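Worksheet: one structure, shown below.
Since the model is a prediction, treat every value here as computed from it, not as a measurement. Below, read A as the first sequence line, B as the second, and so on, with proteins coming before strands; counting in each chain starts at 1. Below, all heavy atoms of this structure are taken into account, side chains as well, without hydrogens, waters or symmetry copies.
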2 protein chains.
Amino acid sequence: MSVPCICTTLRSASRRMIAFYDETIAPVGVNIAQFSLMRSIARTQPVTLTALGRRVELDRSTIGRNVRVLEKMGLVELGRGEDQREATVTLTEAGHKVLEDGAPLWDGAQKSLEDRLGVDFMRQLHAALDSL
Amino acid sequence: MSVPCICTTLRSASRRMIAFYDETIAPVGVNIAQFSLMRSIARTQPVTLTALGRRVELDRSTIGRNVRVLEKMGLVELGRGEDQREATVTLTEAGHKVLEDGAPLWDGAQKSLEDRLGVDFMRQLHAALDSL
DNA sequence: ATGGGTTGCGGGTATATGCCCGCGATACGG
DNA sequence: CCGTATCGCGGGCATATACCCGCAACCCAT
């Protein structure tokens, strides 16, 4: 047992971190997955489901479902692209507000982690995870 | 944006790693979450759902459902503890066989990662993730 | 223009995961 | 010994995620 299974460790750490960020971002009414997805949408809206999926490395069907939840919450709007097959997503006013209100909360979480772990450590960890 | 969001990075890395291990372990018919859970069961069987959940840091209800899937697959058996409230889990013969057959596959994945990333790096990453 | 290949989606199916509620079993104080 | 508090579960509800199938739209070469 030289090195414990990195996958198990990673899954576990991921669950803990998700719980932490979910709690942090909860006041604005979304979870971290939704908040993160909305940020991605904001960056290039309107964007098609497939394009979005490719960018965030999620299955297109996953994007479709997650986006529909956001739509039901009134945070995004779905439309059609020029290509009639394409479904496009755009943030609503409410969606933008969630991003604005959530930003400081997110920053707070980030800061709290940096204080606890150190910026250098965070950077290294980040780079390490990206290399996986 | 000094440090990118560690949570997003972590979730992403986790998904990639899960996909990698799922593929690796697939030949024995389970996914990495199931394999990992079965390993935990093997270590202290018979074990109650609550005890198992505490050990692997998963919600009890999650454990219950996941274990039921394993039961349907014939890999574990559910029973009652002395305390009539308790539900206990035990690996079946088939379950043990899956662990045996899967072990070399898992080791292979581990080895492949070590070759690519280096043992030291893996150890550090592991320690870092545990500290989160 | 037309038929075949490609692309984008929606829906079905399945697992993983968490929270909450209610029920039955157990433990404990009076 | 009984009533109350606690504990362990199952089931309901919701999200995240992946894969597969089939349909409709689009693109291209003949």
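- B:Ile18 comes within 4.0 angstrom of no nucleic acid atom, judged by non-hydrogen atoms across all strands.
- When the P atom of C:dG18 is taken as reference, atom CG of B:Leu49 falls 14 Å away, rounded to whole Å.
- Atom-to-atom, CD1 of A:Ile63 to P of C:dG11 comes out at 16 Å; the value is rounded to the nearest Å.
- Two residues are said to be in side-chain contact when any heavy atoms from C-beta on lie closer than 4.5 Å; B:Ile18 and A:Arg11 meet this criterion.
- Between B:Ser112 and B:Arg116, the side chains place no donor N or O within less than 3.5 Å of an acceptor N or O (distance only, hydrogens not considered).
- Close to C:dT7, at under 4.0 Å from its OP1 or OP2, lies no side-chain N or O of A:Thr50.
- In this structure, A:Arg68 reaches the C:dG11 phosphate: one of its side-chain N or O atoms is under 4.0 Å from OP1 or OP2.
- Not a single donor-acceptor pair under 3.5 Å links the side chain of B:Ser36 to the backbone N or O of B:Ala33.
- Between B:Arg54 atom CZ and D:dC9 atom C1' the separation is 13 Å, expressed in whole Å.
- In this structure, B:Leu37 places its CG atom 9 Å from P of C:dA16, rounding to the nearest Å.
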For the pair A:Asp107 and A:Lys111, evaluate salt bridge (Lys or Arg N to Asp or Glu O under 4.0 Å) and give the outcome as yes or no after the intermediate values.
-> CA-CA 6 Å; A:Asp107 290 346; A:Lys111 193 102 177 50; over 6 Å; no

Can you give one letter per nucleotide of nucleotides 16-25 of chain D, going 5' to 3': B for a protein heavy atom under 4.0 Å from the base, S for sugar-phosphate only, - for none?
-> SBBB-----B

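- Between the CG atom in A:Leu132 and the CZ atom in B:Arg15 there is a gap of 13.5 Å [rounded to 0.5 Å].
- Each of A:Arg123, A:Glu114, A:Met17 was evaluated against B:Ile6; a single residue qualifies, A:Met17, per the side-chain contact (heavy atoms from CB on, under 4.5 Å) test.
- A straight line from CD of A:Glu86 to C1' of C:dT6 spans 13 Å, rounded to a whole angstrom.
- Looking at A:Gln124 and B:Gln124, their side chains never come closer than 4.5 Å, going by heavy atoms from C-beta outward.
- Rounded to an integer number of Å, the gap from A:Phe20 CZ to C:dG18 P is 17 Å.
- At whole-Å resolution of the value, CG in A:Asp22 and P in C:dG18 are 11 Å apart.
- Protein atom CG of B:Leu52 is 14 Å distant from nucleotide atom C1' of D:dC9, rounded to whole Å.
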